[in-house]
Amino acid sequence: MKHQRWVAALAAAGIATTVAACGSSSSSDNGANTAQSQSPAISSDTTSDSPSPAASTAALDVSKPTTITVNCEPPTTAASQRQQWLDDVASFEKLHPNITIQSKDEAPCDDPNTFSAKLASGQEENVFYLYMTDTQQAIDSGQVLDIQKYAEKIPVLKDIQPSVINIFRKGDTADGDLYGLPKTNYTLGLVYNRALFTKAGLDPDNPPTTWAAVRDDAKKIAALGPDYVGYADYSAGNTGGWHFTAEMYSQGGHVVSDDGKKADFNNDKGLAVLNNLKAMRWTDNSMGSKQLLQYADTIKMMAAGKLGMTIGAPDYLPNMQSNYKADLSQIGLAPMPAGENGSGTLLGGDGYMFNKNDTPDQVIAGILWLEYENLTPGTGQFDFKRTAQLGNPVGLPEPDLFQGDTAAKEQADKAASANLPINNFKAYVDGTPQLAGHVEPPQAQPIYKVLDGLMSAVLTDKNADPRKLLDDYSAKVQAVLDNAS
């Protein structure tokens with residue numbers, strides 16, 4: 001999931017949330033002019049009839065005035081992002097005068113505590129946001145619409161990485177029917193403070209690539225003084241389980257077996273994760289005494305220049321800037337550290353699906369909006385020039401959706417408007433593609449909630465026995481899987 005479970009953490013902490021990279025102009029007129037000069041690949045002809053599946057060469061357009069509800073409008077507490085969204089809606093509606101967008105302000109956009117109930121009751125919007133983790137659950141619920149018959153009329157599909165678009169297909173396979181479109185794709189890596197690396201005598205251009213090296217560097221950063229933390233990790237709010245899963249992948253392991261039926265971390269790789277955390281926390285004292293951390297906590301620590309390293313995705317950086325005015329020129333990204341016996345990283349992201357009760361015109365309107373806002377270089381979240389003009393960060397390796405010429409255009413546009421030192425992310429860009437990527441496990445949120453206890457135990461109890469913890473929590477995760485079957 002473009003890991004937006006951080007939204008819940010920030011909202012709970014009373015912190016303004018940021019919806020990643022919804023770049024737009026600061027005025028509706030400017031946005032409309034840009035939209036007209038960079039029209040999306042799905043062309044508009046407001047006089048055409050609603051297309052039939054057989055008319056694969058016809059442009060998509062609604063047959064009559066159509067209104068759709070769309071959620072995940074940024075909240076008023078994120079004033080800049082809210083205005084960008086509103087500007088994009090105005091620009092889109094000017095480009096497509098027969099379509100009206102009714103935005104729904106929700107934070108978090110996909111609340112793990114309410115998503116399943118809302119989905120089951122058919123209360124989702126016409127076009128609704130969800131984590132990639134939830135796509136197969138949504139498809140299996142029977143509450144979402146198959147949009148495969150429109151696929152040939154969405155030219156951008158060929159430009160989206162297959163591993164990303166397939167997540168929105170039934171069974172995650174290339175030949176499965178299509179039920180939605182992505183917004184972002186992320187890969188977890190190591191977020192680190194370059195200034196602290198320099199202060200500790202480390203080379204900021206050569207961040208650690210293994211957990212052993214992370215441990216060594218964390219000790220040196222913590223040695224700068226009692227206020228400094230070398231490495232921080234989560235252990236509450238479902239974020240601890242999220243990171244444990246990612247760290248299992250980094251050891252070449254898994255949390256759940258490939259068939260989704262068995263807990264699969266009570267092994268040497270799970271032991272390596274816990275032993276490493278226990279050593280950093282209690283032997284090295286490089287993780288600080290404050291534990292039960294969640295997403296907002298490490299953002300604050302990193303922005304204040306007191307945290308050396310943590311695990312995060314590229315969207316971690318704009319949240320530091322928007323919430324704490326962090327100097328992002330001092331922040332670097334590196335690939336997920338590797339374990340002794342393997343390597344890997346956690347993939348995620350988010351996107352939108354369609355309510356099963358949508359009319360054909362509402363589906364077409366939704367596809368046109370999603371392409372404009374999320375999938376077209378130069379508009380919506382890819383209008384890097386306007387994003388930079390508004391003082392928001394440009395230059396991060398996100399949202400990582402495209403391949404081929406479209407990816408090249410996105411990268412060129414981004415470089416032309418970059419206000420961040422792109423070289424700070426070179427290690428991440430070069431190294432991450434070499435790692436095996438894994439999506440989140442089935443029943444991810446319930447499993448993460450259970451595994452928070454595993455992480456908090458090893459980080460708050462000096463005498464905790466990692467092997468016994470693995471025995472206990474493996475049984476608890478197995479119960480989650482059994483109850484879901």
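What you see is a predicted model, and the numbers here were worked out from it, not measured in a lab.
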Decide if atom CG of N267 counts as having more than 12 heavy atoms of other residues, nucleotides or ligands within a radius under 6.0 Å.
-> yes
Apply the side-chain contact (heavy atoms from CB on, under 4.5 Å) test between T245 and each candidate in L451, L188, V256; give the one that qualifies.
-> L451
Looking at K269 and E340, does any basic side-chain N land under 4.0 Å from a carboxylate oxygen?
-> no
First locate atom OG of S257, then atom CG of D264, and finally report the distance between them rounded to the nearest 0.5 Å.
-> 6.0 Å
Interatomic distance, L178 atom CG to I147 atom CD1 [nearest 0.5 angstrom] | 4.0 Å
Stacked cation flag K153 on Y150, 6.0 angstrom / 45 deg | no
Output the distance between atom CE (M336) and atom CD (E247), rounded to the nearest 0.5 Å.
-> 5.0 Å
Geometric class of the W369/W85 ring pair [parallel <30°, tilted 30-60°, perpendicular >60°] | perpendicular
Calculate, to the nearest 0.5 Å, the distance between atoms CG and CD belonging to L86 and Q81 respectively.
-> 11.5 Å
Please state whether the rings of F92 and H96 are parallel, tilted or perpendicular, taking 30° and 60° as the class boundaries.
-> tilted
Trace of the ring pair (Phe, Tyr, Trp, His ring centres under 6.0 Å) decision for Y192 with Y428 | CA-CA 11 Å; Y192 68 100; Y428 176 91; over 10 Å; no
For N71 and E106, does a side-chain donor sit closer than 3.5 Å to a side-chain acceptor?
-> yes
In sequence, state the C-alpha distance, the side-chain angles, and the governing distance for T387 and S417, and then conclude on side chain to side chain contact (heavy atoms under 4.5 Å, CB included).
-> CA-CA 9 Å; T387 300; S417 297; over 6 Å; no
Taking 4.0 angstrom as the limit, do D405 and K409 come out as a salt bridge?
-> no
Close side-chain approach of L481 and N483, heavy atoms under 4.5 Å | no
Does K118 pair with E125 as a salt bridge, N-O distance under 4.0 Å?
-> yes
Which heavy-atom pair separates V458 from L274 by the least distance, and what is that distance?
-> CG2-O, 3.8 Å
Mind running salt bridge (charged side-chain N to carboxylate O under 4.0 Å, His left out) on E73 and K104 for me, showing each step along the way?
-> CA-CA 6 Å; E73 176 187 42; K104 301 293 185 179; over 6 Å; no
Looking at side-chain heavy atoms only, is the closest gap between V62 and I99 below 4.5 Å?
-> yes
Can you say whether the rings of F128 and F115 are parallel (under 30°), tilted (30 to 60°) or perpendicular (over 60°)?
-> tilted
Do the side chains of P377 and F402 get nearer than 4.5 Å, heavy atoms only?
-> yes
Decide yes or no for M309 and P208: does some side-chain heavy atom of the first lie under 4.5 Å from some side-chain heavy atom of the second?
-> yes
CD (E398) and OG1 (T184) are apart, to the nearest 0.5 Å, by 8.0 Å
Taken to the nearest 0.5 Å, the spacing of F354 CZ from D358 CG works out to 7.5 Å
Relative to the ring of W242, is the ring of Y295 parallel (under 30°), tilted (30 to 60°) or perpendicular (over 60°)?
-> tilted
Looking at D413 and K385, does any basic side-chain N land under 4.0 Å from a carboxylate oxygen?
-> no
Tell me, do V214 and P337 make a side-chain contact under 4.5 Å, heavy atoms counted?
-> yes
